[in-house]
**Student:** 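Mind looking over this structure? Questions follow.
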Amino acid sequence: MERGGQPRNVQPFSDEDASIETMSHCSGFSDPASFTEDGPEVDEEATQEDLEYKLKGFIDLTLDKSAKTRQAALESLKSAFSSKILYEFIMERRMTLTDSIERCIKKGKSEEQCAAAGLACLLCVQMGSGIESEEIFKTLGPVLKKIVCDGTASVQARQACATCLGICCFIVTDDITELYSTMECLENIFIKAYPRDRDTNGVSSTPNTVLHISALLAWTLLLTICPMNEVKKKIEMHLHKLPSMLSCDDVNMRIAAGETLALLFELARETDADFFYEDMELLTEKLRALATDGNKHRAKVDKRKQRSVFRDVLRAVEERDFPTETVKFGPERMYIDCWVKKQTYDTFKEILGSGMQYHLQSNDFLRNVFELGPPVMLDAAALKTMKISRFERHLYNSAAFKARTKARSKCRDKRADVGEFF
């Protein structure tokens, strides 16, 4: 079959043959680096044509009878979407992709559902926050919510769908009722991790703990785009309950709760300069204990990770301080200097993996989220003449993000409820 024609018909294969062929066909896509062509003699047009030809084949294979074939095709599409900007290609096939993802989430088993949810995230990341993405979310949103709330579905599938629900809603929705509805769905999941007895000395992890963590982090991401009056309500509801999760015997739950607390304090002080937390002494005592935890029964790796995170959380709660991080991508630098920005960056880094740097350079949606402006296209000579000091870059980046925060506040006003009903 010549390049540029229709993908070959794979349907006549038996389940097993199709699986084997697809696995070997997909293997070259397991590493995002396989999408990068080396050497000066590369015919870019032919390379793009070849890539699109393969991707069309994978899209067809998401409808295959074999679960292994479908899952391998979903994983291959995920690798491509995370490491390349494929906006035009996806735009033409967005409804086909949406239908395939919906079918795989509804009818697939756990691993296939997880792969499909991951692909849904990347589909929205690629499409950005336009009308087309809204159509995708209108189709997939109810399906994702159903799985998240389905106690008979696997914990891993529910976890993947909770993350996907939060990310897609963050990217897509300007509808306040949809935002609140999604947050309520996620909230109903993670509040089950709160201890029922207020005097309990600790919180035991359960098989659902991973789901509670994902729901909490997805909910926290959506909180960063809520109107300020809603932010205040949520802080009042959860700020006194979240510290109980710091006693959980699962290190990832402790870290998620700690980072959420730091972000809630940051938002609380942003909405009210005189914000006062009654149990501050008890909370800082807990945070300090976690920042210096030397429990022998805990794994060394867990202790190191926990101590590092909680030193930062303690500084945020006690001193209103944030240790600035620098992210380098191509010729550019981005400074992460607040918890809202860190939460947003960490979420997309988790989804894009090693493709995060490429997307920060080239993805219009992500560049808009982090206020990076249009993609930079400069040669080495131009870069040298434009070089500025690290301190100047930091000031510029910091000012740009603060400007975005103000702009986001105006968007919150647009998205805000028409009036208070109580």
Side-chain angles (χ1 to χ4, degrees), residues 183 186-187 190-206 209 212-213 215-217 219-224 226 228-300 302-325 336-343 346 405:
M183 289 184 74
L186 296 166
E187 202 168 36
F190 77 75
I191 60 172
K192 290 173 184 172
Y194 290 150
R196 291 179 185 178
D197 179 3
R198 289 195 65 179
D199 298 324
T200 186
N201 292 321
V203 181
S204 296
S205 59
T206 69
T209 296
H212 298 154
I213 293 168
L216 174 63
L217 293 175
W219 174 88
T220 306
L221 177 71
L222 293 180
L223 188 66
T224 66
C226 273
M228 283 302 181
N229 64 327
E230 186 66 16
V231 170
K232 287 179 183 177
K233 287 179 195 172
K234 295 300 185 188
I235 288 171
E236 285 172 14
M237 282 175 64
H238 295 285
L239 200 54
H240 290 279
K241 295 178 182 178
L242 272 167
S244 65
M245 290 186 179
L246 299 174
S247 304
C248 183
D249 54 16
D250 184 297
V251 66
N252 292 315
M253 175 56 93
R254 293 196 297 274
I255 288 172
E259 292 185 334
T260 300
L261 276 166
L263 188 141
L264 288 182
F265 268 89
E266 183 175 277
L267 288 175
R269 287 160 175 163
E270 188 183 313
T271 57
D272 178 8
D274 299 320
F275 171 75
F276 175 73
Y277 182 68
E278 289 178 4
D279 299 323
M280 182 64 90
E281 195 175 328
L282 183 62
L283 177 60
T284 52
E285 191 180 309
K286 265 189 181 182
L287 296 175
R288 194 169 287 107
L290 289 166
T292 56
D293 189 0
N295 258 325
K296 288 183 180 177
H297 67 275
R298 284 182 183 156
K300 283 184 180 178
D302 287 351
K303 279 192 287 190
R304 274 199 298 271
K305 185 180 175 186
Q306 176 186 289
R307 285 197 293 255
S308 172
V309 169
F310 278 97
R311 280 195 293 268
D312 294 342
V313 172
L314 182 63
R315 281 172 65 179
V317 172
E318 199 171 34
E319 303 169 30
R320 304 187 181 209
D321 191 21
F322 183 90
T324 302
E325 299 171 29
I336 298 175
D337 51 9
C338 64
W339 284 96
V340 167
K341 198 170 184 180
K342 177 177 166 40
Q343 168 76 5
D346 287 350
T405 303

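Heavy-atom basis, side chains included; hydrogens, waters and symmetry copies ignored. Every value quoted in this text rests on a predicted model; they were computed, and no experiment measured them. We count residues from 1, following the sequence as given.
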**Student:** Report the C-alpha distance between T271 and N229 in whole Å, list the side-chain angles of each, state the deciding distance to 0.1 Å, and finish with yes or no for side-chain contact (heavy atoms from CB on, under 4.5 Å).
**Tutor:** CA-CA 9 Å; T271 57; N229 64 327; over 6 Å; no
**Student:** Side chains of V231 and T224: does their closest heavy-atom pair fall under 4.5 Å?
**Tutor:** no
**Student:** Just how far is it from atom CD of E236 to atom CG of L264, taken to the nearest 0.5 Å?
**Tutor:** 12.0 Å
**Student:** Going from CD1 on I191 to CG on L186, what distance comes out if it is rounded to the nearest 0.5 angstrom?
**Tutor:** 11.5 Å
**Student:** Can you sort out the partners of W219 under ring pair (Phe, Tyr, Trp, His ring centres under 6.0 Å), two or more places apart, ordered by chain and number?
**Tutor:** F190, H238
**Student:** Can you list everything that forms a side chain to side chain contact (heavy atoms under 4.5 Å, CB included) with V251? Sequence neighbours excluded, please.
**Tutor:** R254, I255, D302, Q306
**Student:** Can you pull the salt bridge (Lys or Arg N to Asp or Glu O under 4.0 Å) pairs that have at least one residue in residues 273-286, sequence neighbours excluded?
**Tutor:** none
**Student:** Which residues satisfy the salt bridge (Lys or Arg N to Asp or Glu O under 4.0 Å) test with K234, sequence neighbours excluded?
**Tutor:** E187, E230
**Student:** I'd like to check I336 versus F322 (side-chain heavy atoms, cut-off strictly below 4.5 Å). Are they in contact?
**Tutor:** yes
**Student:** Just jot down the side chain to side chain contact (heavy atoms under 4.5 Å, CB included) partners of D346, sequence neighbours excluded, or say none.
**Tutor:** K342
**Student:** Could you check if a side-chain atom of L246 sits within less than 4.5 angstrom of a side-chain atom of F310, using non-hydrogen atoms only?
**Tutor:** yes
**Student:** With sequence neighbours excluded, what pairs up with R311 under the side chain to side chain donor-acceptor pair (under 3.5 Å) test?
**Tutor:** none
**Student:** Check whether any side-chain heavy atom of T260 lies under 4.5 Å from a side-chain heavy atom of M245, and answer yes or no.
**Tutor:** no
**Student:** Could you pull out all residues at least two apart from R269 that satisfy side chain to side chain contact (heavy atoms under 4.5 Å, CB included)?
**Tutor:** F265, F275, M280, R320
**Student:** For residues L290 and V309, determine if any side-chain heavy atom of one lies less than 4.5 Å from a side-chain heavy atom of the other.
**Tutor:** no
**Student:** Has S308 got a side-chain atom pairing as donor or acceptor with K305's backbone, closer than 3.5 angstrom?
**Tutor:** no
**Student:** Please check this pair: side chain of Q343 against backbone of L217, looking for a donor-acceptor N/O pair closer than 3.5 Å.
**Tutor:** yes
**Student:** Please name all residues satisfying side chain to side chain contact (heavy atoms under 4.5 Å, CB included) with D250, sequence neighbours left out, ordered by chain then number.
**Tutor:** S205, T209, I213, C248, N252, M253
**Student:** Tell me, please, which residues at least two apart from R315 pass salt bridge (Lys or Arg N to Asp or Glu O under 4.0 Å).
**Tutor:** D321
**Student:** Could you pull out all residues at least two apart from E318 that satisfy salt bridge (Lys or Arg N to Asp or Glu O under 4.0 Å)?
**Tutor:** R288
**Student:** Calculate, to the nearest 0.5 Å, the distance between atoms CG and NE2 belonging to L283 and H240 respectively.
**Tutor:** 10.0 Å
**Student:** How long is the straight-line distance from CG of L267 back to CG of D272, given to the nearest 0.5 Å?
**Tutor:** 12.5 Å
